[in-house]
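Remember, it's 1-based here, ligands and their atoms both numbered in the order they're listed. The first residue in the sequence is number 1, and the count goes up from there.
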Amino acid sequence: MECMKFENKLAAVFCAFCFIFIVWQLQTADCRSFSVDYEKDCFLKDGKPFQYVSGSIHYSRVPRFYWQDRLKKMYMTGLNSIQTYVPWNFHEPIQGIYNFKGDRDLEHFLDLANQTGLLVILRPGPYICAEWEMGGLPSWLLQKPNIVLRSTDPDYLQAVDNWLNVLLPKIRRWLYSNGGNIISVQVENEYGSYFACDYNYLRHLKVMFQYFLGESTVLFTTDGNTDWEMTCGTLQGLHATIDFGTDTNITEAFMRQRKFQPNGPLVNSEFYTGWLDHWGDVHAFVKSENITSMLMEMFALGVNVNMYMFEGGTNFGYWNGAEFNERYLPVVTSYDYDAPLSEAGDPTEKLFAIKSVISKFFSVPAGPMPPPTQKYAYGYVSLKKVSCITELLDDLCPQGPVHSYYPITFEEMKQSYGYMLYRTKLPKAFQSPTPLISPLNGIHDRGYVLINGLYQGVMERDTTLVLNVTGQEGDYLDILMENMGRINFGSNINERKGLVSNLYLGNYILTDWLIYALSFDEAVSSGLLQAEMRHYHSTVRRIENLKGPTVYKGTLEIQNVAWDTFLNLKRWTKGQVWINGINLGRYWSTKGPQQTLFVPGPILSTSVPNNITVLELEEASSTKQILFMNRPQLNNTVMRGEH
Ligand SMILES: *[C@@H]1O[C@H](CO)[C@@H](O)[C@H](O)[C@H]1NC(C)=O
Ligand SMILES: *[C@@H]1O[C@H](CO)[C@@H](O)[C@H](O)[C@H]1NC(C)=O
Ligand SMILES: *[C@@H]1O[C@H](CO)[C@@H](O)[C@H](O)[C@H]1NC(C)=O
Ligand SMILES: *[C@@H]1O[C@H](CO)[C@@H](O)[C@H](O)[C@H]1NC(C)=O
Ligand SMILES: *[C@@H]1O[C@H](CO)[C@@H](O)[C@H](O)[C@H]1NC(C)=O
Ligand SMILES: *[C@@H]1O[C@H](CO)[C@@H](O)[C@H](O)[C@H]1NC(C)=O
């Protein structure tokens, strides 16, 4: 209890000057401390042994107005802590420009957790994985061509230091010992699974964290449960923890932790309550019985457990990550994760099963679990075509295109996310079907091909690198390139987006590109894409055509209450949806397993019509209708992936 001695000394010094100050000290100095006891192999909170029961919730995946509701439900389940990541790219969208407002208000989230009575295990990265776009790293890091991410590369470290200089001072007052609720802070994330194995990088982060958060803050690492991961991921002075799910032998897992961390508390930093889906996967789920039996065993052993996820939430906008496992596999929009709280924050049967296990070992607060939020099936809404993409370039790219002899990437164009259009002209007439080829697999990640505005088909990374086209000399060849989310795990996290290598048409290398960086979100927010159908200024004969990248609009009018709802785009193909300017994420109805997008009630208006914008990339439903349902549909795989 060193802290008490220090406090006493402090009080004694002030005693001579100010009696009132001492009285205040005696009332408030309750000697808050959080530390590791390496003799008793446990955490100490205020000097007493402490075991945490925690659940992961990522504030970046839950709308701000629902933070309190989700936290309250976690508290009522009997958790004493939560764990969250801080996604760097969510807060520093442009180098040197920081955003901590609204849904990005980390301190408000910490405050709500504190008010709810929850301690916080903070995982500030800089890399987080998390199935989040580029593992939380800002894509602008890739503007430097040869940067080595997650290493002592000087450009990478400089950017990290600038970020930590902004983030960590905000965190300081939220440390438990400073009167806040943060009990421990993770350094990096599963660093042992990354190829670099650069101990100087981990040492550098440790120095930075200690400089800003003090020497006594509990710092830890988390790694997969293998020797090779623990070898590169752990560092002397950082408490080494492990993560594993229901397929693991608990005894063996903690033998591994002990091998690298001979003393101190046993910790499973990510006990998997479910799992994620990629497009084309069979929907993942993990049985409650498997969760509860393992929790029981771990609690009995005194293990500190964080359940990953407890509330998964949603990859709104462009925030989903991707895996690279022989081929590129983007993560779906929903991050429901089959977690105890559903994507929409509803307590599930799994939550109550977990609560009952917790109550056998810990005291669970009395009182009712907050009810699920209200859901409503608003039914069908008919959409109207606004225009196909090639007619909207002035609105989507007001600054005009960039000319480049060979194609350049999103990163070179300083376009982080979303879509860009690459335009060139056919060098000669191709009367018979001629292959458009990406010989170096350079379509990152999908390219929607048009000739003079007429849709030809899609090219796709790793799977469809050839597409036959025909056309006249001088015809426009347009390729709308979609960034489907950067890889969040492994050695490919430095991949670039867009057309990353040359395209051939027959034997011709295509050159002289005009590249349009498209700002869909800005155009939607400023109402540009809600205007009436455009007059075509192209000379090509138009027919009512459902194919090709096209913007559709519609309105949903609500009479009484704005409740949560789920948007189903059955018989549409693939695209992106905005409601009232909020980017709800991607749909891919012809693939699945996810079929509905979560629409949080609070974004809907009851007084004015709600504006819906759909960017359909391939082919619209012939009825042009979309359906608002009162329940999610996350388990309907239409087309299987090939992995
Ligand atoms: C956290 O909550 C406690 C208990 O309500 C309160 O005393 C403390 O001031 C709060 N901390 C911060 C940083 O707001
Ligand atoms: C879950 O538990 C069942 C028995 O209830 C068992 O057969 C199965 O292997 C377990 N699954 C996992 C992933 O541990
Ligand atoms: C787990 O591993 C230990 C040690 O290898 C072994 O004794 C035990 O039987 C295993 N438990 C299960 C459930 O397989
Ligand atoms: C492209 O067209 C040629 C005929 O010109 C045909 O042999 C080939 O199979 C076609 N390729 C594809 C991918 O459709
Ligand atoms: C939808 O757009 C109309 C016309 O631009 C606007 O008046 C209305 O306020 C918008 N609705 C919402 C909910 O923002
Ligand atoms: C998902 O759907 C399949 C096929 O309809 C069904 O067998 C399975 O039980 C469903 N899984 C869940 C978790 O609902």
Asks: With under 30° as parallel and over 60° as perpendicular, where do the rings of Phe100 and Trp163 fit, or are they tilted in between?
Replies: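 Aromatic pair Phe100/Trp163 classed parallel.
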Asks: Please identify each residue that fulfils salt bridge (charged side-chain N to carboxylate O under 4.0 Å, His left out) with Glu229, with sequence neighbours left out.
Replies: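 Listed in chain order: nothing, the list is empty.
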Asks: Measure the acute angle between the ring planes of Phe90 and Trp132, then classify it against the limits of 30° and 60° as parallel, tilted or perpendicular.
Replies: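 Plane angle over 60°, so perpendicular.
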Asks: Around ligand 3, what residues show up once you keep those with a heavy atom under 4.0 Å from it?
Replies: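 Heavy-atom contacts below 4.0 Å: Asn249, Glu252.
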Asks: If you look at every heavy atom in Leu584 and Val599, which pair is closest and at what distance?
Replies: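 For Leu584 versus Val599, the nearest heavy atoms are CD1-CG2, 3.8 Å.
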Asks: Can you confirm, on distance only, whether ligand 1 has an N/O atom lying under 3.5 Å from any N/O atom belonging to Asn114?
Replies: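 Yes; the residue has a nitrogen or oxygen that sits under 3.5 Å from a nitrogen or oxygen of the ligand.
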Asks: With the side chain counted from C-beta on, respond yes when Met208 and Val160 share a heavy-atom pair under 4.5 Å apart, and no when they do not.
Replies: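 Of all side-chain heavy-atom pairs linking Val160 with Met208, none is under 4.5 Å.
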Asks: In terms of the angle between their ring planes, are Tyr378 and Tyr376 parallel, tilted or perpendicular, with boundaries placed at 30° and 60°?
Replies: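 Judged by the thresholds at 30° and 60°, the geometry between Tyr378 and Tyr376 is tilted.
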Asks: Is Gly179 in polar range of ligand 1, meaning some N or O pair under 3.5 Å apart?
Replies: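 For ligand 1, there is an N or O atom that lies under 3.5 Å from one belonging to Gly179.
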Asks: Which label fits Tyr52 and Phe43: parallel for a plane angle under 30°, tilted from 30 to 60°, or perpendicular past 60°?
Replies: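 Rings of Tyr52 and Phe43: parallel, as their planes differ by under 30°.
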Asks: Does an N or O from Asn635, backbone or side chain, lie closer than 3.5 Å to an N or O of ligand 6?
Replies: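 Yes - when backbone and side-chain N and O of Asn635 are compared with those of ligand 6, one distance drops under 3.5 Å.
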